[in-house]
Novice: 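Just passing along the structure, written as structure tokens.
What you are looking at is a predicted structure, and each value in this text was computed from that prediction instead of being measured. Every heavy atom of this structure was used, including side-chain atoms; hydrogens, water molecules and symmetry mates were not. Both counts, for ligands and for their atoms, begin at 1 and track the order of listing.
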Amino acid sequence: MTHKILVIHGPNLNMLGKREPETYGADTLADINAALVRHGQTQDASVTAFQSNMEGEIITKIQQAFGNYDGLIINPAAYTHTSIGIRDAVLLLDMPVVEVHLSNIHKREAFRRHSYLSDVVSGQIVGFGMQGYILALDAILHILKQS
Ligand code: DQA
């Protein structure tokens, strides 16, 4: 059975490649999404990607995942550290959810160390750049195969 996986990218991640490459790497969002789609094809998973700079749009997209997807990969970017709304939307979901950060948020500024999501997701992957998304996809597919 093909698993349907949604990937949500938060604010400023559309600027990857140009944005602080020393922190976030040279890969663009298109590179990341293409790598996820390719990896999904080898694992019988279909990957759909969405990016928004707006909190409400991200919340609506998470709500739409309910009943329509089997798993969610989310990098809420700056909203990680501020958004109870995104946390509450994730709590709606009855599916594996993996939080990804390109950078290791735990070794940066103190305000990045707290995530409103970390205690309501299946797991968090930080600090591995683009590879973190691939690891997240594998983690979700592993959970889905077990259930
Ligand atoms: C980020 C880390 C956040 O603190 C930051 O606001 C981002 C990107 C990451 O992927 O490392 O925009 O989520």
Side-chain angles (χ1 to χ4, degrees), residues 3-43 45-66 68-144:
H3 292 300
K4 292 176 70 182
I5 309 300
L6 178 64
V7 185
I8 297 181
H9 306 281
N12 299 308
L13 295 175
N14 55 313
M15 299 305 288
L16 285 177
K18 299 190 184 85
R19 178 191 180 202
E20 300 173 72
E22 63 291 350
T23 302
Y24 298 117
D27 297 312
T28 65
L29 197 60
D31 294 333
I32 292 173
N33 290 336
L36 279 166
V37 168
R38 270 199 312 273
H39 188 68
Q41 281 164 353
T42 69
Q43 308 291 315
S46 77
V47 177
T48 303
F50 173 82
Q51 189 275 334
S52 176
N53 293 321
M54 287 178 236
E55 185 175 11
E57 285 185 0
I58 292 170
I59 291 169
T60 299
K61 197 70 187 178
I62 295 169
Q63 292 175 359
Q64 288 167 355
F66 189 88
N68 293 312
Y69 288 91
D70 304 308
L72 172 67
I73 299 169
I74 182 163
N75 181 350
Y79 291 138
T80 306
H81 319 295
T82 63
S83 180
I84 297 170
I86 290 177
R87 174 195 175 89
D88 286 348
V90 165
L91 279 169
L92 276 167
L93 299 180
D94 181 17
M95 65 181 72
V97 179
V98 176
E99 175 186 353
V100 172
H101 298 284
L102 294 148
S103 64
N104 182 349
I105 56 173
H106 303 290
K107 67 174 190 189
R108 299 183 60 195
E109 302 97 320
F111 65 83
R112 293 188 205 274
R113 287 186 205 137
H114 177 257
S115 162
Y116 274 102
L117 283 195
S118 59
D119 63 320
V120 298
V121 292
S122 310
Q124 188 192 54
I125 297 173
V126 306
F128 297 111
M130 173 156 102
Q131 184 63 19
Y133 289 90
I134 304 295
L135 296 170
L137 179 55
D138 282 340
I140 288 175
L141 295 176
H142 183 71
I143 293 168
L144 290 173

Novice: Is it true that the side chains of His81 and Glu109 contain a donor and an acceptor less than 3.5 Å apart?
Specialist: no

Novice: Taking Leu135's backbone N and O only, do any of them form a donor-acceptor pair with Asp138's side chain (distance below 3.5 Å, no angle check)?
Specialist: no

Novice: Going by the atom numbers of ligand 1, which of them fall below 4.0 Å from some non-hydrogen atom of Ile105?
Specialist: 2 (C)

Novice: Would you mind listing which atoms of ligand 1 come within a distance below 4.0 Å of any non-hydrogen atom of His81?
Specialist: 3 (C), 4 (O)

Novice: Pick out which of Leu29, Leu16, Ile73 makes a side chain to side chain contact (heavy atoms under 4.5 Å, CB included) with His9.
Specialist: Leu29

Novice: Find all atoms of ligand 1 within a distance of less than 4.0 Å from any non-hydrogen atom belonging to Asn75, and give their numbers and elements.
Specialist: 9 (C), 10 (O), 13 (O)

Novice: Among all protein non-hydrogen atoms, which one is nearest to atom 11 (O) of ligand 1, and what is the separation to 0.1 Å?
Specialist: Ser103 OG, 2.6 Å

Novice: Under 4.0 Å, heavy atoms only, figure out whether ligand 1 is touched by the backbone of Glu99, its side chain, both or neither.
Specialist: neither

Novice: What I'd like to find out is whether the side chain of Val98 reaches to under 4.5 Å of the side chain of Leu72, using heavy atoms alone.
Specialist: no

Novice: Under 3.5 Å, N or O to N or O, is Ala78 touching ligand 1 that way?
Specialist: yes

Novice: Spell out, as yes or no, whether a donor-acceptor pair under 3.5 Å connects the side chain of Gln51 to the backbone of Gly10.
Specialist: yes

Novice: Are Ile8 and Ile86 packed together at the side-chain level, in the sense that at least one heavy-atom pair is separated by less than 4.5 angstrom?
Specialist: no

Novice: Looking at atom 1 (C) of ligand 1, what's its closest protein heavy atom, distance included?
Specialist: His101 ND1, 3.7 Å

Novice: If we ignore hydrogens and angles and just use 3.5 Å, is the side chain of Asp70 paired with the main-chain N or O of Lys4 as donor and acceptor?
Specialist: yes

Novice: Looking only at distances, can you tell me whether any N or O atom of Leu102, backbone or side chain, sits closer than 3.5 Å to an N or O atom of ligand 1?
Specialist: yes

Novice: For ligand 1, is Arg113 a contact, meaning one of its heavy atoms is under 4.0 Å away?
Specialist: no

Novice: Could you see which bit of Arg112 sits under 4.0 Å from ligand 1, with heavy atoms only: side chain, backbone, both or neither?
Specialist: side chain

